[in-house]
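Predicted model, so just to flag it, every value in this text is computed and none were measured.
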Amino acid sequence: MSDDAIPEEKRLELIAGRYPGYPKQAASVIRSAKLIGKRIQDSANTTLHPTGLSHPEFTILLMLYGSEAFTLTPSLLGAAAGEKLANVTRLTDQLSAKGLIVRRQAEDDRRKIEVTLSPEGVQQIEQLLPIVSDDIRALTAGLTDEELSQLAKLQRKLLLTAPEHLRG
């Protein structure tokens, strides 16, 4: 643990001392998750800056790249990317203007919209994946494969067992 984290631990001790019911260990886990998320966001933004893509835009492209026929509906895309539907609309507007995605009516239901990676979007993702993969490996270099597996399992459990109003 770095020296930077020690004051935070002392703060949590003070809170727990002042309010005995405070879940200090759980709060520490949540705080760490927030700090890790910020570190990931900052790293991604630094990597993506030269491309003109934001991290949320890249995430949308990546979710499409990981989908059958590079296509999802906006609601499924939002769920996969962890974005609200209104934000998905804004992000897909931006990506469409950049020529990286195409929006169209579904063939089976004209009321349904589908978002698909354009050939340029596929090319953009495939150019970025080696760099992003290196960043992911660097961010997780301090963990063994077994620790990564255990952490992934625990994170999924937290996501699946959180009360509905806390799921976002």
Verify the neighbour count for atom [atom1] of [X]: are there more than 12 heavy atoms of other residues, nucleotides or ligands below 6.0 Å?
X	atom1	answer
E146	CD	no
E147	CD	yes
E126	CD	yes

Checking [X] now: which residues fulfil salt bridge (Lys or Arg N to Asp or Glu O under 4.0 Å) with it, not counting sequence neighbours?
X	answer
R137	D134
D109	R111
E120	none

Measure from the side-chain N and O atoms of S32 to the backbone N and O of S28, and report whether any donor-acceptor pair falls under 3.5 Å.
yes
Using only atom types and a distance under 3.5 Å, with no angle test, would you say the side chain of S118 pairs donor to acceptor with the backbone of G99?
yes
Heavy-atom check, side chain of [X] versus side chain of [Y], under 4.5 Å:
X	Y	answer
Y65	L129	yes
D93	T89	yes
S54	Q41	no
L53	L61	yes
K10	L14	no
T92	L77	yes
K98	E57	yes
S43	L139	yes

Output the distance between atom [atom1] ([X]) and atom [atom2] ([Y]), rounded to the nearest 0.5 Å.
X	Y	atom1	atom2	answer
R11	E9	CZ	CD	10.0 Å
T46	H55	OG1	NE2	11.0 Å
E8	L35	CD	CG	7.5 Å
D135	T140	CG	OG1	10.5 Å

Show, in sequence, the C-alpha distance, side-chain angles and deciding distance for L91 and Q94, and conclude whether the side-chain contact (heavy atoms from CB on, under 4.5 Å) test is met.
CA-CA 5 Å; L91 291 167; Q94 293 166 341; 3.6 Å; yes
Regarding R103 and S96, do their side chains bring together a donor and an acceptor under 3.5 Å, going by distance alone?
no
Rest of the hydrophobic cluster containing I15 (Ile/Leu/Val/Met/Phe/Trp/Tyr, side-chain heavy atoms under 4.5 Å)?
L12, Y19, Y22
Co-members of the apolar cluster containing L143 [side chain, <4.5 Å]:
L148, L151
If the condition is side-chain contact (heavy atoms from CB on, under 4.5 Å), which residues does T71 pass it with, not counting sequence neighbours?
A69, R104, E114, T116
Applying a strict under-4.5 Å side-chain criterion to I, L, V, M, F, W and Y, I'd like to know whether [X] and [Y] cluster together.
X	Y	value
L48	I136	yes
L100	V102	no
I40	L128	no
L95	I113	no

Step by step, would you call F58 with V132 a side-chain contact (heavy atoms from CB on, under 4.5 Å)?
CA-CA 10 Å; F58 174 78; V132 171; 3.7 Å; yes
K34 and I30: side-chain contact (heavy atoms from CB on, under 4.5 Å), yes or no, with the steps?
CA-CA 6 Å; K34 181 180 178 188; I30 299 301; 5.8 Å; no
